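What follows is a single structure, written as structure tokens, with notes after it.
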Amino acid sequence: MRSLVSRGDCRRGGALLSAPGPLGDPAMPNRPRPLVAGNWKMNGLRRSLRVLGEIEQGYTPGLKAKADLLLCPPATLVLTAAHVLVGSGIAVGGQDCHAKEAGAFTGDIAAEMLADAGATFAIVGHSERRQYHGEKDAEICAKAAAAHRAGLAAIVCVGETQGEREAGKTLAVVRRQLRGSVPEASRRANLVVAYEPVWAIGTGLTPTAADVAEVHALIRDELRRIVGKAEEASVRILYGGSVKPANAKELLAVENVDGALVGGASLLAADFLGIAGAYLA
Ligand code: PGA
């Protein structure tokens, strides 16, 4: 597939947010504030917005003190979700965006449109986009730069397939995806990386804590090259793939895991809050 912009354009592109960035605990000034993000994928009708109300109710001051929450419903619900959640402290995001600001791209959605609807994040490069829409690193990088241009934080997803893991290529694949799909102009305020092993998505399978730690350490290291030493430690790196209330505590305790990207379990308020609740203990 032809990429939408040249890699060079993408790597340079992207306006920076002026926000101070997602810094967390003042006692650990370089540690980012955790982010628990829900990706509803192609699920959700207007009546599903009730779940957002339930999540808002469960986002108690105690939990608010510990973690940020984000919900990414299908594009048809972004505007209404942003209205429902206004003032709640819970952010809304899109699941994808186009690299261009506007134009003849039937069915596509620009980052500016997501921002206009009230989104503050956009997921880019999810493995389902890579798999079913043939998206490659250069296009994903252009999408991340588009998110930045629109003032959104980009959640750039990376992760190996089962075959790549079995062939011992996990670290090489994740490194290649990161180098290809994160714009150089990214900063801690507008970049989140999500490590999602493809074989763990929707399967109930998860890597061991040691495997997650190994990949997240590599991502942290690569971020140093991309965003620089001053910023690298405070970019949030999420783990995603079959995160459930039952395994959240163990996965979220792994070094360099700064939150979760949750698919199936974000469709039920109790499950999503059960995962975020891992930060309360
Ligand atoms: P899952 O999906 O939690 O249903 O495995 C994660 C994702 O694809 O973001």
Side-chain angles (χ1 to χ4, degrees), residues 21-22 24 32-44 48 51-52 54-56 58-59 63-64 66-75 77-78 81-82 84-85 88-97 111 114-115 117-129 140 143-144 147 152-159 182 186 188-197 200-202 206 212 216 219 234-245 247-248 251-252 254 256-279:
R33 203 174 129 78
L35 171 67
V36 180
N39 171 13
W40 281 9
K41 310 191 179 185
M42 200 173 74
N43 297 291
S48 319
V51 172
L52 299 183
E54 293 166 13
I55 292 173
E56 182 179 359
Y59 194 36
L63 186 51
K64 238 178 225 184
K66 299 282 187 181
D68 290 336
L69 299 188
L70 162 69
L71 270 305
C72 301
L77 295 180
V78 166
V84 168
L85 291 173
S88 67
I90 301 172
V92 174
Q95 299 175 8
D96 178 46
C97 66
L114 293 172
T120 51
F121 287 79
I123 298 171
V124 296
H126 189 281
S127 67
E128 286 148 18
R129 302 291 312 178
I140 292 158
K143 290 180 173 210
L152 304 176
I155 302 181
V156 179
C157 301
V158 296
V182 175
S186 301
R188 67 180 179 215
N190 64 12
L191 177 67
V192 176
V193 174
Y195 168 54
E196 299 204 301
I201 295 177
T206 52
V212 174
H216 279 236
I219 295 172
S234 50
V235 173
R236 295 185 279 201
I237 308 173
L238 312 183
Y239 168 78
S242 296
V243 181
K244 308 268 181 276
N247 60 20
L251 288 165
L252 294 175
V254 173
N256 286 311
V257 173
D258 308 307
L261 182 52
V262 183
S266 69
L267 295 168
L268 287 176
D271 285 353
F272 188 65
L273 288 166
I275 291 166
Y279 284 110

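Just so you know, these numbers come straight off a predicted model, no measurement behind them. Numbers here simply count residues along the sequence, with the first being 1.
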- Is Asp68 salt-bridged to Arg236, going by a charged N under 4.0 Å from an acidic O? yes

- Query: Tyr239: what forms a ring pair (Phe, Tyr, Trp, His ring centres under 6.0 Å) with it, not counting sequence neighbours?
  - Reply: none

- Note on the structure: CG (Leu238) and CG (Leu252) are apart, to the nearest 0.5 Å, by 9.5 Å

- Message: For a quick test of reading the model, state the closest non-hydrogen atom pair linking Gly202 to Ser242 and the distance between them.
- Response: N-OG, 3.8 Å

- What are the two closest heavy atoms between Gly240 and Pro197, and how far apart are they? O-CD, 3.3 Å

- Taking C-beta and beyond as the side chain, do Leu261 and Cys157 meet within less than 4.5 Å on heavy atoms? yes

- Item | Pairwise distance CH2(Trp40) to CG(Leu77) - rounded to 0.5 angstrom | 7.0 Å

- Query: Any side-chain donor paired with an acceptor under 3.5 Å for His126 and Glu196?
  - Reply: yes

- For Ala189 and Ala153 the tightest heavy-atom approach is O-CB, 4.0 Å

- Query: Do Val257 and Leu251 come close enough that some side-chain heavy atom pair is under 4.5 Å?
  - Reply: no

- Grab the two heavy atoms, one from Ser234 and one from Pro32, that are nearest each other, plus how far apart they are. O-CB, 3.5 Å

- May I have the step-by-step check of salt bridge (Lys or Arg N to Asp or Glu O under 4.0 Å) for Lys143 and Asp96, ending in yes or no? CA-CA 8 Å; Lys143 290 180 173 210; Asp96 178 46; 2.8 Å; yes

- Just wondering, do Val156 and Val192 contact through their side chains at under 4.5 Å, heavy atoms? no

- Ignoring hydrogens and geometry, is there a side-chain-to-backbone donor-acceptor pair from Glu54 to Ala270 under 3.5 Å? no

- Query: Does some side-chain heavy atom of Leu35 sit less than 4.5 Å from a side-chain heavy atom of Asp258?
  - Reply: no

- Message: Going by salt bridge (charged side-chain N to carboxylate O under 4.0 Å, His left out), name the residues that satisfy it together with Glu128, two or more places apart in sequence or in a different chain.
- Response: Lys41

- Query: How long is the gap from CD1 on Ile140 to CD1 on Ile123, to the nearest 0.5 Å?
  - Reply: 12.5 Å

- For the atom pair CG (Leu71) and CG (Leu85), what is the distance rounded to the nearest 0.5 Å? 6.5 Å

- Query: Going through the distances and angles, do Val124 and Ile155 end up as a side chain to side chain contact (heavy atoms under 4.5 Å, CB included)?
  - Reply: CA-CA 6 Å; Val124 296; Ile155 302 181; over 6 Å; no

- Hey, mind stepping through Val262 and Asn39 against side chain to side chain contact (heavy atoms under 4.5 Å, CB included) and telling me if it holds? CA-CA 6 Å; Val262 183; Asn39 171 13; over 6 Å; no

- Task: Applying side chain to side chain contact (heavy atoms under 4.5 Å, CB included), run through Val51 and Leu267 and close with a yes or a no.
- Result: CA-CA 7 Å; Val51 172; Leu267 295 168; over 6 Å; no

- Item | Closest contact, heavy atoms only, Ile201 versus Ser127 | CD1-OG, 3.3 Å

- Task: Provide the closest heavy-atom pair for Phe272 versus Ser266 in the form atom of the first, atom of the second, distance.
- Result: CD1-CB, 3.8 Å

- Over 12 non-hydrogen atoms of neighbours within 6.0 angstrom of NZ in Lys66: no

- Val92 and Phe121: side chain to side chain contact (heavy atoms under 4.5 Å, CB included), yes or no, with the steps? CA-CA 7 Å; Val92 174; Phe121 287 79; over 6 Å; no

- Message: If I take atom CG from residue Leu52 and atom CD1 from residue Ile90, how far apart are they, to the nearest 0.5 angstrom?
- Response: 7.5 Å

- Should Leu69 and Ile55 count as side-chain neighbours, where that means a heavy-atom distance under 4.5 Å? yes

- CG on Leu114 to SG on Cys97, rounded to 0.5 Å: 6.5 Å

- Message: Treating Asp271 as the side-chain partner and Leu268 as the backbone partner, does any N or O pair qualify as donor plus acceptor under 3.5 Å?
- Response: no

